[in-house]
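The structure appears below as structure tokens.
Quick caveat: nothing in here was measured; it's all calculated off a predicted structure. Count residues from 1 along the sequence. These values consider heavy atoms only, across backbone and side chains, with no hydrogens, waters or symmetry-generated copies.
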Amino acid sequence: MRLSVTARIALLSIALALVSNLVLVGFVWRQTDAAVIGTVRRETIEQSDAMRAIYRVGGLSAVVEAIGHARASGDTSLLLAVLDRNGARVAGYAPPRIAIPLAPTPFRIADIDASAATVDIGYILHPIGDHWLLNGRRLDLVEAERRAVEDAFTVAVLLSLVLGVGAGLVLARYVGTRLNDIAAVIEAAGEGDLSRRVPVAPTRRDAFDRLANQLNLMLGKLERLMVELRLVTDSLAHDLRSPLTRLRTKTEQAVLIADPAAREAALGGLLVETDLVMRMLTMVIEISRSESVSRERFILVEPAELVEEIAELYEPVAEEAGLDFTVAIDVSAPAMLLHRELVSQAITNLIDNALKHAAAGGVLTLRLVANAGEIAIQVEDRGGGIAESDRAQALKRFGRLDAARTTPGAGLGMALIEAVARLHNGRFELADNAPGLIARIVLPV
């Protein structure tokens, strides 16, 4: 029979409570027994040494007299006696005859009275002249304490079972509730509902909350990707319709044209439309690849050197477009782990957009800025800019501010830049240059 996770957790909690109590009671029992036995040993040795000292000074009579005063009233556990060579009691407090061999004995625990009920006695046996000195104490008190500890042991076992069952049920309920919450969200995701999230307490950060938080982040990314996939599919179909329609129309026209020169011009137009479709498909592929790139492909890059290389490539292009191209590089920018090719493509996209849409402004600036914990690579122009209310639309895939799609383009350049920034845990921002636009890639160091 397979037990559920909650049942196994409950049983584990009960077992842990039982074992911990058993270990604790066993430790207390052992320590208590050792402490009592140690006290008996110490007192017996001290008393034996004292009696032997008395014997050396006053002889046997002095020892007998000292024994008569050694036992306190009501103390029946003390054994202190002088024995003859046969083990019979001559004087003191001891059984009439002891049932152990007469030999010098350090502290030992044994039953020395064969005629009575078995009672352990801690004793010392030393010779004094022709006689033997017996010092010891009955361990009735130790036995009583042992029985008390054993009774406590039994009670502790019962309490540990009761408390373990209670704690196990509480723990199983807590774990079961948290797991059910997570399982419900996963089941909903499996059925296509990616909007549900696992509740996470803001003040509690246990393992379940970390698991829930990671699951929520994953579902959020999946939901965003699904929305973007639908958007890409719809937008791609919409954006391809116009160039494909024009392509078909121009193809039909080229077929009907008899003049070779005119037919060649018409075929050139077909190539332009074909290139536009190819650029759209290529850009979609590049965005998808940028979002799935492993961070293992990152290398250590000097941002200042990268920006300077790109600036050298675009300087003649900007001059040909009649722009005053300015480069401002903060050389304090530290080396960073980057995907060099994707970051380079994102920067060139920024410059291409500025050349295409802001050439009338006459000024174009490529700037690298190093701030606390991050760098910013930005392109500043003096063109018409983008209104703040339209910037979110400009960052979407296929997001174009020309709603009629009359100007060439796919509306994917800024989406690629944002994907590259997100790959590096950064962000892509659009800001006002008053007049003009600042397009900025911000990357954490």
Pairs flagged by salt bridge (charged side-chain N to carboxylate O under 4.0 Å, His left out) wherever residues 331-340 is involved - sequence neighbours left out: Glu309-Arg340
I want to check something: taking the side chain as every heavy atom from C-beta on, are Leu368 and Leu306 in contact at a cut-off of under 4.5 Å? no
Correct closest heavy-atom pair for Val445 and Met336 would be CA-CE, 4.0 Å
Decide yes or no on salt bridge (charged side-chain N to carboxylate O under 4.0 Å, His left out) for Glu187 and Arg196, but give the supporting numbers first. CA-CA 10 Å; Glu187 290 172 359; Arg196 293 186 59 179; over 6 Å; no
Look at atom CZ of Arg108 and say whether more than 12 heavy atoms of other residues, nucleotides or ligands are closer to it than 6.0 Å. no
With a 4.5 Å heavy-atom cut-off, do Glu43 and Gln47 have their side chains touching? no
I'd like to check Leu139 versus Ile37 (side-chain heavy atoms, cut-off strictly below 4.5 Å). Are they in contact? yes
Is there a side-chain contact between Phe428 and Ile441, using heavy atoms and a 4.5 Å cut-off? yes
Ile347 side chain near Leu366 side chain, heavy-atom distance below 4.5 Å: yes
Heavy-atom check, side chain of Thr348 versus side chain of Tyr314, under 4.5 Å: yes
Going by salt bridge (charged side-chain N to carboxylate O under 4.0 Å, His left out), name the pairs with one or both residues in residues 434-445, residues two or more places apart or in two chains. Glu429-Arg440
If you define the side chain from C-beta out and look only at heavy atoms, does anything of Ile438 sit under 4.5 Å from Glu380? yes
Which residues pass the side-chain contact (heavy atoms from CB on, under 4.5 Å) test with Leu217, not counting sequence neighbours? Asn213, Gln214
